[in-house]
Amino acid sequence: MTEVLSADAAGLARAARYLAGGALVAFPTETVYGLGGDARDSRAVAAIYTAKGRPSFNPLIVHVADLDAAERIAVFDAPARDLARRFWPGPLTLVLPVRAGAGISDLVTAGLETVAIRVPAHPVAQGLLRAFDGPVAAPSANLSGRVSPTRACHVVTELGGRIAAVVDGGACRVGVESSIMALDPPRLLRPGGVSREALEEALGQALPVGPAPAQAADSEALRPSAPGQLASHYAPAARVRLAATAAADDEIWIGFGPHSAKADLSLSPGGSLEEAAMNLFATLRAADQMAQERGLQKIAVAPLPETGLGLAVNDRLNRAAAPRE
Ligand code: TXA
Ligand code: MG
C-alpha cells in the first residue's frame with residue numbers, strides 16, 4: 001500500500017525516513033509531483049526506473065535544497081551560478097558537469113558526464129529536502145510516457161502500490177515541468193516553467209530550443225542526451241488533435257481563450273498561458289475520462305500561442321499528439 005502523508009512536520013519526517021531507508025516517496029514541487037529516491041543509493045534509483053517503467057538510458061534530475069548543495073554535486077562556472085542565483089529556487093534545471101566524488105549513483109546520470117540539477121521552490125519539496133538532508137533523484141511521478149501528475153491523487157492512481165508514500169501538497173502551481181538548460185553552449189533542451197524569454201533576458205543572448213545536435217557518430221548520439229526522448233510522451237489514452245478551432249461530434253474539445261465557450265473543457269477561458277500550464281495535465285486527464293464515459297476516442301485541443309509558457313504547453317501537447325508505437 002502507498003501511504004498518503006500530510007505535508008506537515010510529522011509527514012515530512014516520515015517521508016525523509018523512507019528516503020533514508022532506500023524507499024521511494026512522491027512529493028509535490030511547484031511544477032509537477034516528483035517520484036523521489038536517494039540519488040546516492042543505486043538500489044533506490046533502480047527502483048525509480050522500475051516503478052515508472054522508464055528506460056534506464058533516460059537520466060533523472062537531482063533535487064537539492066539550495067545552491068550550496070548543488071555545488072557539491074555539479075561544477076558551476078560564473079554563468080551557471082548567475083542563472084542559479086536568478087532562478088533558484090524555481091522551475092529551472094541546469095545540466096552541468098558532474099563533480100568528481102559527488103557520490104551520485106551512475107544510474108541517475110545514465111552514465112553521462114553531466115548531471116541535471118534543480119532547486120525546487122515548493123515549500124513541501126524544500127521541507128522534504130531539508131528533513132532528508134541529501135540529494136533526491138526525481139522524475140515526474142507518472143508511468144513512463146503518460147501524463148505528468150499535478151495532484152497527489154494522480155500519483156496514487158498510477159503508482160499506488162508501487163511506492164512507499166506520497167506527500168500530499170495539493171495542486172502544483174506551475175503545472176508543466178522545469179525548463180532544462182545546457183550551458184556550454186547555452187541551449188534550452190526542454191521548454192518548461194521558466195519562459196524562454198526570461199532565460200534569454202538573463203543570458204543576454206538568443207537561446208536555441210530543442211535536443212542538442214548529436215555530437216559524433218558514436219553510440220552516445222543515439223541517447224536522449226536531451227530530454228527530447230521518445231516522440232510520444234504525455235499521452236492520454238485518447239488520440240489528440242491540435243490547433244482545433246472547432247471539434248467534431250466524436251471529439252472532446254479542450255478550449256483556450258476565445259475557443260472556450262463551445263468547448264467541453266478549457267485550459268484558460270481568459271487566455272492566460274500561466275493558467276493553461278497550471279491546468280494542462282489535469283485537463284488532459286479530465287478529457288480522457290470524459291472521452292471514456294462518452295465512448296469517444298479523440299481529444300481536440302484549441303491553438304495556443306508559442307510565447308511565454310505557451311512554448312512549454314505546446315511542447316507537451318505536441319508530444320501528447322505524436323504518433324504512438
Ligand atoms: O519539473 C521537473 O523537472 C520535474 C520535477 C519532479 O522536478 N521532473 C521531471 O523529471 O520532469 P523527468 O525525469 O520527467 O524529466 C527529466 C528530463 C529527462 O527527459 C531527461 O532526459 C533529462 O531531464 N535529463 C536528465 N539528466 C540529463 C542530462 N545529464 N543531460 C540532458 N538531459 C538530462
Ligand atoms: Mg516526465
Side-chain angles (χ1 to χ4, degrees), residues 29 31-32 34 36 39-40 45 48-49 54-121 135-140 174 176-196 198-200 202-203 205-216 218-230 233 311-312 315:
T29 79
T31 59
V32 301
R40 302 160 299 194
V45 178
I48 293 177
Y49 285 102
R54 176 174 175 126
S56 58
F57 55 76
N58 190 7
L60 307 177
I61 297 174
V62 175
H63 296 65
V64 290
D66 54 32
L67 178 55
D68 282 350
E71 298 228 27
R72 291 196 285 274
I73 289 165
V75 181
F76 285 68
D77 57 9
R81 209 168 280 128
D82 284 349
L83 284 167
R85 291 213 177 99
R86 180 129 171 193
F87 294 104
W88 284 355
L92 176 66
T93 294
L94 296 174
V95 174
L96 298 168
V98 191
R99 183 173 289 286
I104 297 295
S105 164
D106 282 341
L107 289 174
V108 170
T109 55
L112 298 172
E113 281 162 11
T114 54
V115 61
I117 192 157
R118 93 175 185 97
V119 174
V136 173
S140 49
V174 177
V176 289
E177 296 84 347
S178 60
S179 304
I180 303 182
M181 241 189 97
L183 267 292
D184 208 16
R187 187 168 193 94
L188 185 55
L189 301 175
R190 176 178 74 184
V194 175
S195 73
R196 177 191 195 176
L199 292 167
E200 288 180 333
L203 284 169
Q205 67 179 86
L207 192 57
V209 183
Q215 292 92 358
D218 58 17
S219 61
E220 296 272 321
L222 295 174
R223 283 191 186 165
S225 94
Q229 306 165 339
L230 319 164
H233 209 85
L311 190 65
D315 171 77

For the pair [X] (side chain) and [Y] (backbone), establish whether a donor and an acceptor sit closer than 3.5 Å, ignoring hydrogens and angles.
X: Arg54; Y: Pro59; value: yes
X: Arg187; Y: Gly210; value: yes
X: Thr31; Y: Pro91; value: no
X: Arg40; Y: Pro135; value: no

- Any side-chain heavy atom of Val64 within less than 4.5 Å of one from Trp88?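 SC-SC contact between Val64 and Trp88 ruled out.
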
- Student check: side-chain heavy atoms of Ile73 and Arg99 closer than 4.5 Å: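 No, every pair of side-chain atoms sits at 4.5 Å or beyond.
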
Value rounded to 0.5 Å, distance of [atom1] in [X] from [atom2] in [Y]:
X: Phe76; Y: Leu183; atom1: CZ; atom2: CG; value: 8.5 Å
X: Ser179; Y: Leu83; atom1: OG; atom2: CG; value: 11.0 Å
X: Leu96; Y: Asp77; atom1: CG; atom2: CG; value: 7.5 Å
X: Ile180; Y: Arg118; atom1: CD1; atom2: CZ; value: 9.5 Å
X: Tyr49; Y: Leu60; atom1: OH; atom2: CG; value: 3.5 Å
X: Ser195; Y: Leu207; atom1: OG; atom2: CG; value: 10.5 Å

Provide the closest heavy-atom pair for [X] versus [Y] in the form atom of the first, atom of the second, distance.
X: Met181; Y: Pro186; answer: CE-CB, 4.3 Å
X: Ala116; Y: Val95; answer: CB-CG2, 4.1 Å
X: Ser105; Y: Val45; answer: CB-CG2, 4.2 Å
X: Pro208; Y: Arg196; answer: CA-NH2, 4.4 Å
X: Ala198; Y: Phe87; answer: O-CZ, 3.6 Å
X: Val176; Y: Gly193; answer: CG2-N, 4.1 Å

- If you count the non-hydrogen atoms of other residues, nucleotides and ligands that lie under 6.0 Å from CD in Gln205, is the total more than 12?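 Atom CD in Gln205 is crowded, with more than 12 foreign heavy atoms closer than 6.0 Å.
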
- Message: Under the side chain to side chain contact (heavy atoms under 4.5 Å, CB included) test against Ser178, which residue among Val194, Leu94, Ile61, Leu92 passes?
- Response: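 Between Ser178 and the candidates, side chain to side chain contact (heavy atoms under 4.5 Å, CB included) is satisfied uniquely by Ile61.
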
- Message: When you compare the side chains of Arg190 and Thr93, does any donor N or O come within less than 3.5 Å of an acceptor on the partner?
- Response: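 No donor-acceptor contact under 3.5 Å links the two side chains.
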
- Please lay out, stage by stage, how Leu112 and Val98 fare under the test side-chain contact (heavy atoms from CB on, under 4.5 Å). CA-CA 9 Å; Leu112 298 172; Val98 191; over 6 Å; no

